[in-house]
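Working notes, structure below.
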Amino acid sequence: MWVERLFRDLCGHVMAMTDLPAGAPAGFIDREIRSGEGWSERLGEVLATCRVFVPLFSPRYFASEMCGKEWYAFATRAIYHHAKHNRPAEAIVPALWVPVPPEHLPGPAERLQFNHRDFGDRYVTDGLYGLIKLRIFAEEYERAVYELAKRIVSVADTAAISPARPVDYRSVPSAFGTPGRGPRPLHVTVAAPTRHDLPEGRDPAYYGDMPQDWNPYHPDAARPLAYVTEDLVRSLNYQATVSSFDHDSGPPDSKQPPSRPEILLLDRWALKDDACRERLAAFDAEHRPWVSVVVPRNQTDHQSRAADAELHRTLEETMPVKMGQGRAASRAAARGVPSMEAFGQILPQVVEAAAQQYLRHAAVYPPAGGRHTERPRLRGPMAGELGTTHYTPETHEIAPDAEDLDDSQS
């Protein structure tokens with residue numbers, strides 16, 4: 001009941017602030033989708049075209065896998081927009097339904113740069129739920145909703161996030177990870193040449209001054225893949241770091257337990273360098289199953305297409321173990337990921353495979369006091385593994401996704 005009222009009030013303000021024709025729908029709310037009417041497909045379409053995403057923060061929101069899936073589906077669109085245009089698209093406008101302490105926010109929500117006090121002090125302390133329930137706060141409620149509508153319209157006009165193809169909503173991961181857990185560590189390593197040490201004749205347009213500058217999906221993407229990967233894994237509630245595959249040092253000691261799962265982004269052209277190929281072969285001989293390898297292979301890169309058979313054969317000969325492990329997690333990740341969108345689709349399963357292997361091989365610590373337990377405990381950041389609003393380009397729709405914001409919550 002209360003979420004529907006907020007939805008109607010926001011729609012009224014948006015109608016007044018835009019040039020939508022009278023009678024045009026100004027919003028979408030998933031309570032309008034009844035069972036049997038293709039709710040997943042409809043929601044996927046909205047998430048692929050909306051211009052602003054407005055999550056209604058509350059403890060139940062962040063405990064909802066469904067809401068986490070919606071967040072991730074929209075966040076990947078913003079990441080692709082940033083990658084293609086090298087310009088961030090800050091298109092998530094959070095609203096406080098119930099105030100949530102900062103330490104209880106998952107990483108993707110905690111990283112949002114947003115000043116809630118612009119909507120009023122009472123809004124910060126009580127949230128929209130507190131304002132809407134108590135008549136004495138009617139003015140504060142009206143101000144907060146009006147300011148929220150202004151922010152939605154402004155962001156829709158300035159972010160200009162590009163539409164995307166609808167994804168299978170049921171198959172995407174949640175952006176919130178394990179409820180109650182903070183961001184988990186993950187490391188991204190890049191094995192690629194720089195523009196200064198390329199194989200003879202290789203097009204330098206895909207490279208920069210450091211291996212991390214490698215941009216295999218040029219010209220469709222304007223941003224290096226390592227940093228796109230960092231954004232994608234951060235949207236899965238990981239705390240990512242990025243470095244290059246150091247050509248000058250030997251591989252880490254695999255006898256030591258890992259401190260985090262890892263993703264290795266591998267440019268097959270790096271195998272043209274004898275020293276790099278030897279180091280990668282030595283790395284492959286180490287027992288490091290918590291490192292997942294991803295091999296981008298741009299389908300529009302004519303040089304790579306022409307040399308595909310040779311590059312693939314060299315990779316299989318150099319890293320047979322990692323290629324076998326990679327095929328078990330994602331065949332596309334090992335054989336070659338043809339586009340940035342495909343990369344974003346396979347990355348969650350690659351990350352999950354690395355995380356599962358990390359948990360199997362990380363150090364364990366028996367409980368203090370020498371008590372016997374059947375299973376030792378894993379310690380560290382990886383241990384233990386409600387409504388949203390959508391604003392669409394065609395109709396300037398706003399839509400609370402209110403599955404978990406039912407009246408029992410209000």
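These numbers come from a predicted model, not from an experiment. Just the heavy atoms: all of them, side chains too, but no hydrogens, waters or symmetry mates, feed the values below. Quick note: residue numbers are just sequence positions, from 1.
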Lys322/Glu286 ion pair, N-O < 4.0 Å: no

Ring pair (Phe, Tyr, Trp, His ring centres under 6.0 Å) against His104, all qualifying residues, sequence neighbours excluded: none

Listed partners of Pro166 passing side-chain contact (heavy atoms from CB on, under 4.5 Å), at least two apart: Glu45, Ala48

Residues that Arg268 engages under salt bridge (Lys or Arg N to Asp or Glu O under 4.0 Å), provided they are two or more places apart: Asp308

Partner residues of His196 under the side-chain contact (heavy atoms from CB on, under 4.5 Å) criterion, sequence neighbours left out: Thr194, Asp209

Test salt bridge (Lys or Arg N to Asp or Glu O under 4.0 Å) applied to Asp213 - qualifying residues, sequence neighbours left out: none

Selection residues 348-360 - residue pairs positive for salt bridge (Lys or Arg N to Asp or Glu O under 4.0 Å), sequence neighbours left out: none

Ring-ring centroid check Tyr129 Trp2, cutoff 6.0 Å: no

Pairs involving residues 141-150, ordered by first then second residue, that meet side chain to side chain donor-acceptor pair (under 3.5 Å) (sequence neighbours left out): Asp9-Tyr141

Cationic N near anionic O, under 4.0 Å, Arg202 to Asp301: yes

Residues forming a ring pair (Phe, Tyr, Trp, His ring centres under 6.0 Å) with Tyr206, sequence neighbours excluded: His218

Heavy-atom closest contact (Ala95 atom, Leu148 atom, distance): CB-CD2, 3.9 Å

Qualifying residues under salt bridge (Lys or Arg N to Asp or Glu O under 4.0 Å), relative to Arg111, sequence neighbours excluded: none

Residues in side-chain contact (heavy atoms from CB on, under 4.5 Å) contact with Gln349, at least two apart in sequence or another chain: Ser330, Ile346

Test side-chain contact (heavy atoms from CB on, under 4.5 Å) applied to Glu278 - qualifying residues, sequence neighbours left out: none

Residue list, salt bridge (Lys or Arg N to Asp or Glu O under 4.0 Å) with Arg87, at least two apart or on another chain: none

salt_bridge(Glu262, Arg288) N-O dist < 4.0 Å: yes

